[in-house]
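Excluded from the calculations below are hydrogen atoms, water molecules and symmetry mates; all remaining heavy atoms, backbone and side chain alike, are included. In this chain, residues are counted from 1 in sequence order.
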Amino acid sequence: MVFLERFYNHHLPVDPMNIDIVKQIMTLEEEEGAVLSGKTGAGWKDGVINSMPINGYFVGYVEKDDRTYFFATNLEASDLATGGKAKAITLQILRDQGLYPSQN
């Protein structure tokens, strides 16, 4: 989380313009005034992409009501270990906590 916060607040040794470009790329959707930004990914056993993923992740943040909420979800060692599944679980948690709007 520390890295995400430093990234978000331009506290990395990187040109702020480049951080802003990455932030634009990371923006996934906007619902009812809440902006969701993040990145999914997965890792494979021994780095072999055709094998089953052994972990999936979704990291990012939600901007809502002049506040920013950072998150990181990591799934390991199951058939659910994909970035897409990590994103789905994260969105449900964010919705349950009232940090992101419910699906229509």
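By the rule that hydrophobic residues join a cluster once side-chain heavy atoms approach within less than 4.5 Å of another member, Y61 and V59 end up as members of one cluster.
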Please tabulate, for side-chain N and O atoms in residues 1-17, each donor-acceptor pair with protein atoms closer than 3.5 Å (sequence neighbours left out).
from: R6; atom 1: NE; to: H11; atom 2: O; distance (Å): 3.1
from: R6; atom 1: NH2; to: H11; atom 2: O; distance (Å): 2.7
from: Y8; atom 1: OH; to: E63; atom 2: OE2; distance (Å): 2.6
from: Y8; atom 1: OH; to: T68; atom 2: OG1; distance (Å): 3.0
from: N9; atom 1: ND2; to: E5; atom 2: O; distance (Å): 2.9
from: H10; atom 1: NE2; to: D20; atom 2: OD1; distance (Å): 2.8
from: H11; atom 1: NE2; to: N9; atom 2: O; distance (Å): 3.4
from: D15; atom 1: OD1; to: M17; atom 2: N; distance (Å): 2.8

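A donor-acceptor pair under 3.5 Å is formed between the side chain of K64 and the backbone N or O of G98.
For the atom pair NZ (K87) and NZ (K39), the distance works out to 10.5 Å, reported to the nearest 0.5 Å.
Minimum heavy-atom separation, G83 to A42: N-CB, 4.4 Å.
Within the 4.5 Å cutoff, side-chain heavy atoms of I93 are placed close to those of I89. With contacts defined as side-chain heavy-atom distances shorter than 4.5 Å, the pair I19/V22 does not qualify.
Its side chain within the 4.5 Å cluster rule, L91 clusters with L28, L36, F58, V62, Y69, F71, L94, L99, Y100 among the Ile, Leu, Val, Met, Phe, Trp and Tyr residues.
Every residue two or more places apart in sequence or in another chain was checked for a side chain to side chain donor-acceptor pair (under 3.5 Å) with D66, and none qualifies. Evaluation of the side chain to side chain donor-acceptor pair (under 3.5 Å) rule for T73 yields T90 as partners, not counting sequence neighbours.
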